[in-house]
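All remarks here apply to the structure that follows.
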Amino acid sequence: MAKVEKRANAGMTGEKYTEKCSELLRKIISAAYGAGEIMVNASPHDEDVMAKGGRANYVTVFDEKVQEFLLKELSRILPEAHFVGEEEGQEIFLPEYGKGFTFVVDPIDGTSNFMRDYELSVTSIALLKDGRPYIGVIYNPYADRIFYAEKGCGAFENGRQIFTSPDPLSHSLVSMGTAPYYADEITHSAFEIGNWYLKRSIDIRRSGSAAWDLCLIASGRTGLFYEPLLCLWDYAAGACILEEAGGTITDMHGEILAYRGKSSILAVTAGVAKEDYLPPVELMRE
Ligand code: IPD
Ligand code: CA
Ligand code: CA
């Protein structure tokens, strides 16, 4: 019953949120709402789940359905754009993706949560222009919260402009990602770094969706997010939203992102950016 009530909002066209949006952004928001509707109406069973490469890495038929839906919608919206989606298994960033427009889509970010009815998963859509984030849209259909940004136009959550927090690290929450699919090689390092940040902040959080973690920092709820290894579809949309909200995103060595594929990620607010926030190199195992 509770689920039915939540679904009532998921099919909104986004009209009330789009006053400050370009037509292109408005259409992408509408596609994200459609993806969210598929997510909240799904009840994944064991037979809907398939193992992927790597440790504890699964895909459900709903990840595939959402991706198919977004491929169809986004191709209609911007036919000339390339399309890179997680469930296509396109790990290599082809040179043509760096020219003109390319959609980079994670149909369901937080699949482990989704499979367990944990109600914290999002759909994440980035549009790159000449290889850099130009539009980012992230929709959490369980909370009916949509985050979006377009280069140079600011970042918004459900129609309200958002900014990162001015607070120092010592007064901030830190969220971490565990790089769960690479646990044998690098997850240990994520926890060591977490311990290092715990001593310098209020506390540590772990959501299970990197895209959502980037929305939380963009909207001033957390002060820093890091994960030792993420794919482009995990962070491209969130990077656009975060930067438009005044935040900074780099790899964990503080280097500028190339937006070409896998990378470690370190995102901070305007407040934390004023400090020396990089983790010590001896704790990193990328
Ligand atoms: C995962 C989530 C998770 C992060 C993993 C990602 P998926 O994406 O974002 O929070 O820790 O590194 O791969 O597999 O649920 O789309
Ligand atoms: Ca993901
Ligand atoms: Ca995914």
Side-chain angles (χ1 to χ4, degrees), residues 32 35-36 38-39 42 44 48-71 83-91 103-126 136-142 147 174-191 193-194 204-218 222 224-239 241-242 249 251-252 257 259 261-267 285-286:
I38 300 173
M39 286 167 69
D48 298 324
V49 177
M50 288 84 70
K52 292 210 287 190
R55 185 201 150 272
N57 193 2
Y58 297 97
V59 59
T60 73
V61 294
F62 298 100
D63 296 70
E64 294 175 343
K65 270 187 195 163
V66 173
Q67 178 155 314
E68 265 168 47
F69 170 82
L70 288 174
L71 172 61
F83 184 92
V84 180
E86 176 176 13
E87 307 314 340
E88 275 182 340
Q90 179 52 277
E91 297 251 331
F103 283 111
V104 180
V105 167
D106 193 340
I108 300 182
D109 186 54
T111 294
S112 300
N113 287 350
F114 176 75
M115 284 162 53
R116 288 162 184 82
D117 211 12
Y118 193 85
E119 302 203 338
L120 208 178
S121 309
V122 303
T123 195
S124 175
I125 304 169
V137 176
I138 295 174
Y139 182 45
N140 174 341
Y142 305 97
F147 291 78
V174 167
S175 64
M176 68 179 280
T178 56
Y181 310 137
Y182 318 96
D184 297 335
E185 309 102 77
I186 48 181
T187 300
H188 180 65
S189 149
F191 281 98
I193 293 167
I204 305 289
R205 297 287 182 266
R206 161 60 169 157
S207 75
S209 162
W212 184 245
D213 288 321
L214 289 168
C215 293
L216 293 181
I217 181 168
T222 55
L224 183 146
F225 165 70
Y226 72 94
E227 182 150 0
L229 198 57
L230 284 172
C231 292
L232 185 58
W233 43 73
D234 298 314
Y235 63 82
I241 295 166
L242 178 75
I249 186 163
D251 73 10
M252 284 175 62
L257 298 177
Y259 295 101
K262 283 183 186 169
S263 176
S264 66
I265 290 293
L266 180 55
R285 308 257 194 291
E286 305 156 61

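Each ligand, and each atom within it, is numbered from 1 in the order the structure gives.
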In ligand 1, which numbered atoms sit nearer than 4.0 Å to a non-hydrogen atom of L230?
12 (O)
Is the contact between D234 and ligand 1 made by the side chain, the backbone, both, or neither, using heavy atoms and a 4.0 Å cut-off?
side chain
Proximal ligand 1 atoms for S209, defined as those under 4.0 Å from one of its heavy atoms
9 (O), 10 (O)
With no hydrogens and no angle check, is any side-chain donor or acceptor of T187 less than 3.5 Å from a backbone partner on A179?
yes
Which ligand 1 atoms are under 4.0 Å away from a heavy-atom of D109?
1 (C), 2 (C), 7 (P), 8 (O), 9 (O), 15 (O), 16 (O)
Would you kindly specify which portion of A210 sits under 4.0 Å from ligand 1, judged on non-hydrogen atoms: side chain, backbone, both or neither?
both
If you have a sec, work out which protein heavy atom is nearest atom 5 (C) of ligand 1 and how many Å separate them, to one decimal?
E227 OE2, 3.5 Å
Ligand-side contact atoms (ligand 1) for residue partner E86, heavy atom cut-off under 4.0 Å
16 (O)
Between the side chain of S121 and the main-chain N/O of T111, is any donor-acceptor distance below 3.5 Å?
no
Decide side-chain contact (heavy atoms from CB on, under 4.5 Å) for L216 and R205; before the verdict, give the C-alpha distance in whole Å, the side-chain angles of both, and the deciding distance to 0.1 Å.
CA-CA 11 Å; L216 293 181; R205 297 287 182 266; over 6 Å; no
Is there a donor-acceptor pair under 3.5 Å between the side chain of T123 and the backbone N or O of I108?
no
Which ligand 1 atoms, with their elements, are less than 4.0 angstrom from a heavy-atom of D106?
16 (O)
Run the numbers for me: atoms of ligand 1, each under 4.0 Å from some heavy atom of Y181, listed by number.
7 (P), 13 (O), 14 (O), 15 (O)
Heavy-atom donor-acceptor pair, Y226 side chain to G194 backbone, under 3.5 Å:
yes
Would you check the N or O atoms of T111, main chain and side chain alike, for any that come under 3.5 Å of an N or O of ligand 1?
yes
Restricting to distances shorter than 3.0 Å, give the number of protein N, O or S atoms close to the Ca ion (ligand 3).
3
Plane angle bin for F114 and F62 - parallel if under 30°, tilted between 30 and 60°, otherwise perpendicular:
perpendicular
Report the part of S207 (side chain from C-beta onward, or backbone N, CA, C, O) that has a heavy atom under 4.0 Å from ligand 1; answer both or neither where that applies.
neither
Would the distance check show the side chain of Q67 and the main-chain N or O of E87 forming a donor-acceptor pair, the cut-off being under 3.5 Å?
yes
Quick one: closest heavy-atom pair of L266 and L224, and the distance?
CD1-CD2, 3.8 Å
Which atoms from ligand 1 have a heavy atom of G110 less than 4.0 Å away?
7 (P), 15 (O), 16 (O)
Taking distance alone, with no angle check, do G208 and ligand 1 share an N/O pair under 3.5 Å?
yes
Sub-3.5 Å N/O-N/O distance, I108 and ligand 1
yes
Check each heavy atom of R206 against ligand 1 and say whether those closer than 4.0 Å belong to the side chain, the backbone, both or neither.
side chain
Work out which heavy atom in D106 is nearest to a heavy atom in W233; give both atom names and the distance.
CB-O, 3.4 Å
Taking all non-hydrogen atoms of both residues into account, name the closest pair between M115 and T60 and its distance.
CG-CG2, 3.5 Å
Less than 4.5 Å apart, side chain to side chain, heavy atoms only: is that true for F225 and W212?
no
